[in-house]
Asker: 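Let me begin by handing over the structure; questions about it come next.
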Amino acid sequence: MRSDAFSKYHPLTNFVFFLGAIGFAVVIQHPAYIGASCVGGALYLLLLKGRKCRNMLLGMLPLVVLMAAWNPLFNTYGEHVLFTVFGRPYTLEALCYGMAIAGIFAAMMLWFSCYSAVLTSDKFICLFGKLIPALSLLIVMVLRMIPNLVRRGKQILDARKSIGKGVGENNSLKQKLHGGMQVLSALTDWALEGSIVTADSMRARGYGTARPTSFRLYHMTLQDWALLAWMVLLAALVIAAGGTGAEYTPQIDIPRPGWGFIAYCLYLMIPSLLHGKEAVQWAVSISRI
Amino acid sequence: MKRSVCINLFTWLILIPLTLFLGTRLTGRWYYLTSTLVIIEAMLPFFFSFETRKPQARELVTIAVLCALAVASRVVVLIPNFKPTTAIIMLSGIALGPEAGFVTGAVTAFASNFFFSQGPWTPWQMMGYGFGGFFAGVIFAKRRAWRNPAGLALFGFFTILLVVGPLLDCCTLFTTGSRLSWSYAAAVFIAGFPYNLQHALACGATMLVFGKPLLAKLDRLIVKYGMMDARKEG
């Protein structure tokens with residue numbers, strides 16, 4: 001991942017931001033708000049991942065179109081009938097509603113992708129490590145073991161192949177299943193026996209005698225508190241301004257967006273603006289050399 | 001013990017009904033947020049009792065290995081779309097008890113989504129997989145006589161097909177529909193059926209072939225290193 005200014009903030013600040021962004025995206029049905037959320041999420045994702053997310057964005061498009069189109073098949077409320085499908089009316093209002101739902105879905109997926117990129121596992125553990133110490137230790141161990149076991153599994157597969165016991169494309173399903181289960185069996189033994197050594201080592205080093213510490217230390221700085229306060233203020237403005245409700249069926253009723261909408265846009269732009277600011281500062285300081 | 005009962009009662013009798021009550025007051029697509037909140041709340045008692053039990057290092061590492069194994073198993077079996085994940089979760093529920101089974105399932109779902117992507121489906125997957133492990137533990141943990149390959153396979157097949165799969169479909173239903181209706185629900189469940197069937201077959205096949213060996217391995221581990229004694233002592 002590239003350098004990203006927002007990711008360098010405290011995990012709590014990051015988490016609260018995504019809680020707000022995803023929470024708002026889920027409950028607000030106003031089309032302007034949905035559009036803003038999609039644009040904000042897509043922009044930040046592009047800044048975070050660059051070209052790598054292009055396939056994901058393009059792959060999402062047909063899904064969104066399909067979702068918008070198939071929703072009216074099950075929702076026949078509305079006044080303007082466009083045509084009938086299987087004897088059921090396909091209405092303009094329901095189509096608009098379907099588009100809104102698809103937009104909400106797209107916004108949610110975009111923000112969740114950003115969340116996954118920013119709130120890495122170590123940040124999650126830092127946030128919840130004190131609240132759920134045993135579970136977060138468990139998650140850390142699992143995250144470390146997954147690549148480890150995948151690597152060992154491939155070693156076993158290779159070893160079996162080299163003694164002529166490998167399974168390939170021309171084996172039957174049953175042979176593949178049995179071959180796979182034998183590898184799985186070997187992998188299980190390897191991993192479980194090792195686990196006892198790990199556990200004894202943990203005990204010898206004093207597991208359970210004191211509070212666990214985390215790998216990286218995060219401290220809430222003044223900057224974090226300031227950003228957090230700014231986020232809470234904007235979120236409160238969005239809620240206080242209201243006007244976020246919109247009705248689609250049976251009649252389309254969309255209120256004009258007011259100043260709450262501006263607050264919402266500002267909220268969603270926080271990570272992208274921080275990213276942009278850092279990029280500009282970097283470019284300026286490079287040009288001075 | 002008593003405290004966990006209190007937490008359970010509090011969750012099921014106060015927290016969840018309150019969420020449902022307040023949730024239905026929201027206009028528009030209330031079921032969307034409400035259902036996810038209820039799913040998360042339903043998991044809390046399990047996590048709470050796991051934390052308060054202060055699991056020993058050996059139990060913790062064993063659960064971690066089983067979780068990682070459940071994720072890594074997808075790479076090992078060279079059949080496309082074949083996921084032994086849920087079968088391994090169920091087997092750990094059987095060997096280590098329902099509570100550990102739930103934790104194995106929930107942590108597996110959560111951790112594997114760090115490699116794929118977290119999404120609106122994460123809580124649902126955690127609940128679905130966790131329930132699989134829990135339910136297997138409830139049925140088989142104390143009944144050794146029932147643990148024959150065919151029984152395990154049938155259990156795995158039907159639990160996935162009738163409970164875990166539809167639970168995951170509910171997530172699709174709530175996140176993609178504009179209006180809850182029986183016809184839409186039927187469409188989602190019918191569309192999800194082939195995937196659930198595939199998933200259920202994979203789970204059943206793994207249980208049939210791998211069920212007894214894995215249970216034997218885990219039992220041997222428990223006896224060899226006295227894991228259950230350690231749990232009883234504290």
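Just so it is clear, the values below take in all heavy atoms, side chains as well, and ignore hydrogens, waters and symmetry mates. In the text below, chain A, chain B and the rest are named by the order of the sequence lines, each starting its count at 1. Everything numeric here is computed off the predicted structure, so don't read it as measured data.
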Asker: So which residue, B:P120, B:P55, B:S117, B:A187, ends up with the most heavy-atom pairs under 4.5 Å with chain A?
Answerer: B:P120
Asker: Taking ring pair (Phe, Tyr, Trp, His ring centres under 6.0 Å) as the criterion, tell me which of A:W111, A:F24, A:Y44 meets it with A:F17.
Answerer: A:W111
Asker: Which one, A:F124, A:F105, A:Y248, leads in non-hydrogen pairs under 4.5 Å with chain B?
Answerer: A:F124
Asker: Find the one option among B:A106, B:A70, B:A111 whose heavy-atom pairs under 4.5 Å with chain A are most numerous.
Answerer: B:A111
Asker: Give the member of A:T188, A:D200, A:I156, A:L73 that has the highest number of heavy-atom pairs under 4.5 Å with chain B.
Answerer: A:T188
Asker: Given heavy-atom pairs under 4.5 angstrom as the criterion, report whether the side chain, backbone, both or neither of A:R88 touches chain B.
Answerer: side chain
Asker: Check each atom of A:S195 against the heavy atoms of chain B and say whether the ones under 4.5 Å are side chain, backbone, both or neither.
Answerer: both
Asker: Below 4.5 Å, heavy-atom pairs only: which of A:M145, A:K154, A:R144 has the largest tally toward chain B?
Answerer: A:M145
Asker: Go through the atoms of B:V65 and report whether side chain, backbone, both or neither lie under 4.5 Å from a heavy atom of chain A.
Answerer: both
Asker: Can you find a side-chain donor-acceptor pair between B:T85 and B:Y129 that sits under 3.5 Å?
Answerer: no
Asker: Using a cut-off of under 4.5 Å for heavy-atom pairs, which of A:L187, A:D189, A:T120 has the most such pairs with chain B?
Answerer: A:D189
Asker: Just checking, any donor-acceptor pair under 3.5 angstrom between side chains of B:T206 and B:K83?
Answerer: no
Asker: Side chain, backbone, both or neither: which part of B:S183 has a non-hydrogen atom closer than 4.5 Å to chain A?
Answerer: both
Asker: Pair B:D219, B:R147 - check salt bridge (Lys or Arg N to Asp or Glu O under 4.0 Å), show working.
Answerer: CA-CA 13 Å; B:D219 279 345; B:R147 295 182 192 175; 3.7 Å; yes
Asker: Sort out for me which of B:V77, B:T108, B:V61 touches chain A most, counting heavy-atom pairs under 4.5 Å.
Answerer: B:V61
Asker: Please identify, among A:M109, A:H178, A:E193, the residue contributing the most non-hydrogen atom pairs under 4.5 Å to chain B.
Answerer: A:E193
Asker: For B:L152 and B:L208, run side chain to side chain contact (heavy atoms under 4.5 Å, CB included): C-alpha distance rounded to whole Å, both residues' side-chain angles, the deciding distance at 0.1 Å, then the answer.
Answerer: CA-CA 7 Å; B:L152 290 172; B:L208 189 68; over 6 Å; no
Asker: Side chain, backbone, both or neither: which part of A:M181 has a heavy atom under 4.5 Å from chain B?
Answerer: both
Asker: Using non-hydrogen atoms only, which part of A:P72 is less than 4.5 Å away from chain B: side chain, backbone, both, or neither?
Answerer: neither
Asker: Considering all heavy atoms of both residues, which atom of A:P255 and which atom of A:D253 are nearest to each other, and what is their separation?
Answerer: CD-O, 3.9 Å
Asker: More than 12 non-hydrogen atoms from neighbouring residues, nucleotides or ligands closer than 6.0 Å to CZ on A:F128, yes or no?
Answerer: yes
Asker: Would you please say whether a donor-acceptor pair under 3.5 Å links the side chains of A:R203 and B:Q56?
Answerer: no
Asker: Give the member of A:V150, A:N148, A:I22 that has the highest number of heavy-atom pairs under 4.5 Å with chain B.
Answerer: A:V150
